[in-house]
S.K.: 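Below you will find the structure I want to go over with you.
Letters A, B, ... are given to chains in the order of the sequence lines, protein chains preceding strands, and every chain is numbered from 1.
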Number of protein chains: 2
Amino acid sequence: MARTPVGFAGPNPEAVRLGKRLKDAREYVGITQEEAANHLKVRRSAISEMEAGKRGVGALEMKSLAVLYERPTSWFTGESEQLHVPEDVAFLARTVSDLSENDRGELASFAEFLRSRSKVNKNG
Amino acid sequence: MARTPVGFAGPNPEAVRLGKRLKDAREYVGITQEEAANHLKVRRSAISEMEAGKRGVGALEMKSLAVLYERPTSWFTGESEQLHVPEDVAFLARTVSDLSENDRGELASFAEFLRSRSKVNKNG
DNA sequence: CCCCGTTGTCTGTTTTTCAGACATGTGCTA
DNA sequence: TAGCACATGTCTGAAAAACAGACAACGGGG
């Protein structure tokens, strides 16, 4: 995790937010830093520093903590849980579900064609 | 990211899976490694190695890529296996997301055609 | 006050990542 | 086929981050 820019000493605000959430979640389920550390196979000090935003958190570490703390990773990252799927996309997905396997193949080919065509238009 | 145990040289299977998903997602939105690298403020080689599972992915990096690739982080971690959609349907849904509104209309029309055709075949 | 469980912080060592270049692969065009 | 352009894979010394372990500090009971 050398994500924070080179000449930047101050704490990364986003990392601090992430750490707070990790800490909140841990305390909510009543787990000590040591137990969390054992779960993650890291030193306890690592947990302490992660929660303070002084140390990076690996994506897989976060996933593992998500299990231990019983929360989705999106809760830690603060993502909006909304799926953001336009209605026409949803409609297509539903329609596709009704089709036979052959027809799905045809449709997929056509979709692929449209996709490559739009690429060509963009590039040229 | 020294998450993998000390005396373990082989690739971390979970990291490899994560990398594959990152790569798939990037390719679906038609972005190059270089563009992704610019977005993350890392070298392109970092993207290459992340996708190969040879390099750790920070939690905040993953969140940033989630925005760029238009997926929830849970998709990268593999948390969202709840949907149970057949793979070809899922693929179509993803491809559709790439298309312009016009192309979606075309595709929807074609899907509708296929659906009605199969109905006719059933009834006759 | 003292104990004890828990958490915060420090330092030298180890591991990972960076930075940049070089190498490979793939598609296109003459 | 050769040549080229673009995207991606991979290597190496330098720099940064994480580890490992210890010590300090906080806080609640006895």
S.K.: Ignoring hydrogens and angles, are the base of dG21(D) and the side chain of R44(A) linked by a donor-acceptor pair under 3.5 Å?
M.R.: no

S.K.: Quick one: pull up OG in S45(A) and CD in E34(A) and give me the separation to the nearest 0.5 Å.
M.R.: 11.0 Å

S.K.: Would you tell me if any nitrogen or oxygen in the side chain of R26(B) comes within less than 4.0 Å of OP1 or OP2 on dT8(D)?
M.R.: yes

S.K.: Grab the CG-C1' distance between L22(A) and dG8(C) for me, whole Å please.
M.R.: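 It works out to 17 Å between those atoms.
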
S.K.: In this structure, how many angstroms lie between the P atom of dT10(D) and the CD1 atom of I47(B), rounded?
M.R.: 15 Å

S.K.: Compare the minimum distances between each of dC11(D), dC10(C), dG8(C) and the side chain of K23(A), then state the nucleotide with the smallest one.
M.R.: dG8(C)

S.K.: Taking NZ, NE, NH1 and NH2 as the nitrogens, is one of them in E51(B) or R26(B) under 4.0 Å from a carboxylate oxygen of the other?
M.R.: yes

S.K.: To the nearest 0.5 Å, what is the distance between CD1 (I47(B)) and NZ (K23(B))?
M.R.: 12.0 Å

S.K.: Measure from CG on N38(B) to P on dA7(D) and round the result to the nearest Å.
M.R.: 12 Å

S.K.: Base, sugar-phosphate, or nothing for A52(A), non-hydrogen atoms under 4.0 angstrom?
M.R.: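 Here A52(A) touches no strand at all.
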
S.K.: Starting at CE of M50(A) and ending at P of dT9(C), how long is that distance when rounded to a whole Å?
M.R.: 15 Å

S.K.: May I ask you to verify if any side-chain N or O of R43(A) is less than 4.0 angstrom from the OP1 or OP2 atom of dG21(D)?
M.R.: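 True: R43(A) side-chain N/O within range (under 4.0 Å) of dG21(D) OP1/OP2.
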
S.K.: Just N and O in the side chain of Q33(B): are any of them under 4.0 Å from OP1 or OP2 of dG9(D)?
M.R.: yes

S.K.: Rounding to an integer number of Å, can you tell me how far R55(A) CZ sits from dA18(D) C1'?
M.R.: 5 Å

S.K.: Taking CD from E35(A) and C1' from dT6(C), how many angstroms apart are they, rounded to a whole number?
M.R.: 11 Å

S.K.: E49(B) has an atom CD; how far is it from atom P of dG20(C), in whole Å?
M.R.: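 That distance rounds to 15 Å.
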
S.K.: Here's a test of your reading of the structure: between K54(A) and K54(B), which maps to the more 5' nucleotide of DNA chain D?
M.R.: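 Comparing both residues, the 5'-ward one is K54(B).
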
S.K.: By the definition side-chain contact (heavy atoms from CB on, under 4.5 Å), identify the one residue from W75(B), Y69(B), F76(B) that meets it with P72(B).
M.R.: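 Result: among W75(B), Y69(B), F76(B), W75(B) is the only option passing the side-chain contact (heavy atoms from CB on, under 4.5 Å) with P72(B).
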
S.K.: Which nucleotide in the set dG8(C), dT9(C), dT6(C) lies at the smallest distance from any side-chain heavy atom of T32(A)?
M.R.: dT6(C)

S.K.: Going through the distances and angles, do T77(B) and E79(B) end up as a side chain to side chain donor-acceptor pair (under 3.5 Å)?
M.R.: CA-CA 6 Å; T77(B) 62; E79(B) 288 174 282; 2.9 Å; yes

S.K.: Roughly, in whole Å, what's the span from NZ in K41(A) to C1' in dA20(D)?
M.R.: 17 Å

